[in-house]
Structures are given as structure tokens and as C-alpha cells.
Amino acid sequence: MHFAFEDEHLRFRDSVRGVLDRVCAPAAVRKVWEDAPAHDAGRWRALAELGLLGLLAPERAGGLGLDEVSMVLALEETGRAALPEAIVDTALVAVPLLAGLEDHGIADPWLGRIAAGEVVVGVGCQPNPWVAHADAAELLLLVDRDEIHALPRAEVRSEPLPHLDAAQRLFRVAWTPSARTRVAAGAHGRRLHAAAVDRGALGAAAQLLGVAARLIEEAVGYAKQREQFGREIGSFQAIKHRLANARVRLEFARPVVYRAAFGIARDLPARGRDASHAKLVAADAAAFAARAALQVHGAIGYTWEVDLHVWMKRAWALETTWGTSGWHRGRLAAAVLDPHEEAS
Amino acid sequence: MKILATVKRVPDPETSIKVKPDGSGIVADNIKWVVNPFDEIAVEESLRIKEKVAGSEVVLVSVGAKVAQEQLRTGLAMGADRAILVVAEDGLEPLAVARVLVKVIESEQPDLVVMGKQSIDDDSNAVGQMAAELLGWPQATFASKLELAGDQKTATVTREVDGGLETLSFPLPGIVTTDLRLNEPRYASLPGIMKARKKELKEIEVGALGVDVAPKARLVKMEPPPKRQAGKKVASVEELVHLLHTEAKVI
């Protein structure tokens with residue numbers, strides 16, 4: 001099968017990159033590390049105006065009715081910019097989950113507001129129990145066994161958790177399931193939950209690709225200007241090979257992530273396996289790029305003077321988001337050893 | 001109101017440009033091509049006028065190779081209504097481009113033409129002025145602010161000139177060329193990108209216009225600028241002043 005992105009996908013990626021360069025420069029992310037709120041209404045609206053937040057929402061609810069293949073390159077850019085906002089949980093996970101509810105009366109008003117950039121939605125379920133940006137979320141979608149519940153923020157108790165990536169906010173959420181808050185149950189609830197996990201893993205994987213790409217860019221830029229022994233350090237083979245290896249890992253991870261996006265968009269039987277595979281290889285590529293970038297920078301890479309830590313810590317944090325590598329390895333092993341079980 | 005905005009395909013300013021070994025031009029392989037940044041500002045300004053004046057139409061024009069369709073689609077994705085590409089595979093000189101533009105302007109009859117003040121590849125800064133002269137239209141170049149009268153019969157343009165600002169007012173139709181500070185161009189949204197696919201992009205062969213586009217000049221040689229020399233560290237202010245006086249001869 002030949003797979004390639006269309007011109008429109010590439011053009012949209014360029015637009016998202018351009019907007020993020022304006023509204024999410026490293027200085028803005030550093031400010032979140034220091035004291036600024038992680039959710040910025042202006043940044044969120046800028047992404048909504050591009051069409052990113054409502055990309056997966058049905059047209060009847062004010063969305064664009066497109067699929068994950070149209071979104072994956074844009075999500076890569078959000079990783080490249082180390083966007084602090086909960087874009088994956090809201091735009092990639094919550095939107096299709098809401099759209100999949102049988103009662104459009106509940107879902108459509110929320111979908112319209114998400115597409116317009118008015119709302120953040122938090123999602124909590126296994127294997128991603130801690131809710132990202134619950135402090136900014138107006139609606140929380142929470143899973144209890146085979147039930148999906150929708151709760152306004154006022155009906156949950158959120159406790160902030162320490163996080164190695166200070167641009168992200170994580171919360172332990174306490175809540176009480178009830179018939180009033182239940183929006184899906186049984187086989188339907190299980191299907192929505194499984195789809196949410198696959199999409200969350202895909203989103204984290206796409207962002208990891210962007211993080212890896214940015215780490216390599218930063219390291220290459222530094223290797224071109226830092227001189228030692230009278231030459232740019234990038235001219236030494238030890239540096240060149242290390243960075244080339246990082247780039248190779250990234251380029252080998254990309255098609256795996258794109259295949260997962262395609263499988264989820266087409267609801268293929270292997271979508272869960274492919275999503276786990278994508279998360280694993282993308283996390284591996286980002287971890288390798290982080291190590292390589294740190295080595296290329298040397299001691300200055302450990303300091304606050306350079307922005308490297310913004311992406312290194314994002315790479316490490318994303319590795320544990322929407323399923324750790326161990327969890328995904330287990331799911332992948334199950335799919336390989338008992339494909340019939342996985343496909344069902 | 002009909003506004004015509006120009007779009008030129010140029011190498012991305014972020015791209016590292018290499019000159020061909022024989023000096024006959026630049027190496028065009030593996031270059032990312034974009035809309036000339038000053039033309040992007042022209043498109044943005046045209047769209048802002050369209051958003052203010054109900055019933056307006058923004059038409060894009062490019063003169064260049066067939067691949068310039070890509071840059072016209074970018075402008076259409078930003079929100080322009082339709083586009084015209086005058087296909088000229090060989091690069092044209094400014095006067096030839098101006099003559100071609102005049103033909104298009106005569107056919108389209110716009111109320112206002114907005115152009116980048118120059119393209120970042122050739123830096124000629126000539127087409128807007130030449131087209132205005134050929135048409136006998138008023139022109140305001142290097143615009144950092146553009147305002148239209150309520151009846152859209154007059155334009156007022158602020159220009160950045162040495163030592164201050166100059167404000168010009170002129171009757172329409174006319175030609176305005178844009179400076180960097182006129183606006184910050186928008187990025188195309190996904191709905192805009194999808195709509196652009198279906199918008200009209202008309203192609204006209206340059207030969208069909210019947211204008212003289214024969215080159216008047218010959219490119220003799222291109223060469224890259226000399227490599228920047230490393231700076232010099234000085235021990236004191238006195239030494240710096242002395243070197244600025246005796247070596248750099250700037251004070």
C-alpha cells in the first residue's frame with residue numbers, strides 16, 4: 001500500500017507550525033514553567049481558529065468531520081512547540097468520545113464549544129488515570145468499569161500532583177459515579193473506552209515525534225555554532241553519527257505513527273496493536289534524541305540557560321502518558337502472541 | 001470593491017541559498033518555495049479590506065512558472081476568492097512583469113492593486129512603480145498603513161521614509177506596495193485550506209497576452225557574498241574608539 005499525505009495536510013501542518021511559532025515560543029513555555037497558567041485562552045483560541053480543536057467533530061456540531069490522518073501532523077507540531085495545553089485529551093480523545101455518544105443532545109453543545117475554543121475537556125481512565133489540566137477543564141469524561149461519565153468540574157475534587165514537566169498540570173480526581181452522570185455503559189462504554197485509549201496513545205506518539213524532531217534541531221543548531229579545537233563540533237564524526245542515529249530513529253518511527261492514525265481513522269481490527277506500536281517507537285525515538293541532544297550540548301545542557309530541558313522533560317513525561325512503555329509492550333506482546341484475542 | 005493582490009513564488013527566506021558553480025544562478029533543488037513575504041502582507045491587507053467592505057472580491061495574480069500554483073493556493077487558503085496564473089517558465093524582468101500585470105489589470109478592472117514592495121529573491125523593487133506608470137495610475141509605495149474612505153473612492157497611505165512618516169492620499173484606482181510593518185499575515189485555517197481546493201485558478205500563457213517580455217539585460221554572473229569575518233575582542237573602550245577611528249574609519 002502506498003501512503004502519503006496530501007498537499008492540504010502539509011499546508012495545515014505549516015499553518016499550525018507558524019501559529020505555534022507565534023503563540024508558543026520557548027519563552028512562553030518557560031513562563032509556564034515559572035508561574036504562568038498552563039492553559040492560555042489566547043493560544044487555545046488560535047488553535048481553534050485554525051480548525052484543529054474541532055477537526056474530528058462532526059459537521060452537524062460545528063466541526064470539520066475529518067479524521068485522525070488529517071490531524072496527526074498538526075499534533076506533531078504541538079509536540080515540537082512543547083504546547084502546554086491539553087490538546088490530545090480534548091481534541092483527539094474527548095471529541096470522538098462525545099461524538100460517539102448515542103444522545104446527541106448531550107454531546108453536540110459541548111462539541112460546538114470545543115470547536116470554538118471555549119472549552120477544555122479532561123479525560124481520566126485506565127491506563128491514564130491522572131487527569132491533565134483538570135483545573136482548566138470545564139467538563140471531565142471519566143471511566144468507571146464499563147461506564148463513561150460526564151461531570152462538570154464543580155462536581156469533582158481535584159488534587160494537583162507533582163510532575164517532572166512543569167509545563168503540564170496533572171490532577172488526581174475524586175468523584176462519585178451516578179446514573180445522572182452516566183453517558184454510556186456496557187459494550188458501548190467499553191468500545192468508547194478502548195477507542196479513547198488508542199487515540200490517547202496515538203496523540204502522545206505524534207507529540208513525541210515532534211519533541212524528538214525539535215531536540216534534534218536544537219542539537220544540530222548547537223553543534224553548528226559551538227567550536228572546540230578550532231572547529232565546529234558538528235564536524236566531528238562522533239557528533240555527526242550520534243545525531244544521524246537520532247534522525248534515523250525518528251524517521252523510522254514516523255510511518256509507524258502514521259499507520260496507527262490510518263488504522264484508527266478506518267477503525268481497522270489492528271488499531272490497538274498499531275497504536276501501542278506507535279507509542280513505543282515514538283517514545284524510544286524521543287528518549288534517544290533527548291540523550292543525544294544532552295550529550296551534544298555537554299554541561300550547558302543541564303542548565304536553565306538553554307531551552308533543552310523543555311523538550312527533554314516533555315519526552316520523559318509523554319512516555320508515561322496514555323500508557324507507559326511497559327503497558328504498551330504488554331499489549332503489543334498479547335497482540336503478537338494471540339492475534340485472535342487482540343483483534344476481537 | 002475588487003482588489004487585486006500579487007503573489008510571487010520565492011525561496012523560503014529560512015533556506016540556505018547556494019550559487020551554482022558556474023555562477024549562472026542559484027541551485028534550485030531541495031529549496032522550499034513560499035509566497036514572497038511582502039506579497040503575503042499584500043494578500044493579508046486585501047483580505048482585511050474585504051472583511052470591512054461588504055461584497056468585495058480579492059483576486060490573486062502571479063506571473064511565473066506553473067508550479068507557482070502552489071503559492072496561489074496558499075493565498076486562496078488564506079481567503080482570497082480566485083487566482084490567475086500567467087505562465088512564464090523563464091524568469092521575467094521587472095518591466096516584463098509590469099507589462100503582463102497591466103494586461104491583467106486592464107482585463108480585471110480592479111479598484112485597488114496591492115503588491116509586495118519587492119520580492120525577496122531579486123530585490124528589484126520596481127514592478128509596482130512601473131505598472132502604475134504604464135497605467136497612468138497613482139501609486140503609494142512602502143505602505144505601513146492603508147485606509148480607505150467610506151465611499152471607497154480614495155485611499156490614504158502612510159509611508160515610512162527617512163526621518164519620519166509621510167501620508168499620501170490619492171483617488172482610486174491606484175497601486176499600493178506594502179512594507180513589512182503594514183500587518184501580520186494570517187495563517188491558513190484548515191477550513192480555508194479545504195475550500196481553496198475548489199476555488200478558481202485560471203492559467204494564461206504569457207504568449208497569449210501579446211506583450212513584449214524579451215529580456216533587456218543579461219545575467220553575467222552570480223556569486224555568494226563574502227564569508228563573514230570573525231569579530232575582534234578589545235581590552236578597553238579607548239582601544240575600541242581608536243580602532244573605530246583608525247581601522248573601521250566609521251568615526
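Basis for what follows: all heavy atoms, side chains included, without hydrogens, waters or symmetry-related copies. We name chains A, B, ... by the order of the sequence lines, and we start the count at 1 in each one.
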### Query
Would you call the rings of A/Phe3 and A/Phe262 parallel, tilted or perpendicular if under 30° counts as parallel and over 60° as perpendicular?
perpendicular
### Query
Do you know which of A/Glu49, A/Arg22, A/Glu8 has the most heavy-atom pairs under 4.5 Å to chain B?
A/Arg22
### Task
Could you check if a side-chain atom of B/Ser189 sits within less than 4.5 angstrom of a side-chain atom of A/Ser15, using non-hydrogen atoms only?
no
### Message
Let's test your reading of the structure: which of B/Met194, B/Glu184, B/Arg186 forms the most heavy-atom pairs below 4.5 Å with chain A?
### Response
B/Glu184
## Note on the structure
One option among A/Ser70, A/Gly51, A/Ala74, A/Gly18 has the most heavy-atom pairs under 4.5 Å with chain B, and it is A/Gly18
### Query
With side chains defined as the heavy atoms from C-beta onward, is the minimum distance between B/Leu201 and B/Arg73 less than 4.5 Å?
yes
### Task
Would you tell me whether B/Ser144 and B/Asp179 have side-chain atoms, one donor and one acceptor, within less than 3.5 Å of each other?
no
### Message
Please classify the contact between A/Leu55 and chain B as side chain, backbone, both or neither, with a heavy-atom cut-off of under 4.5 Å.
### Response
side chain
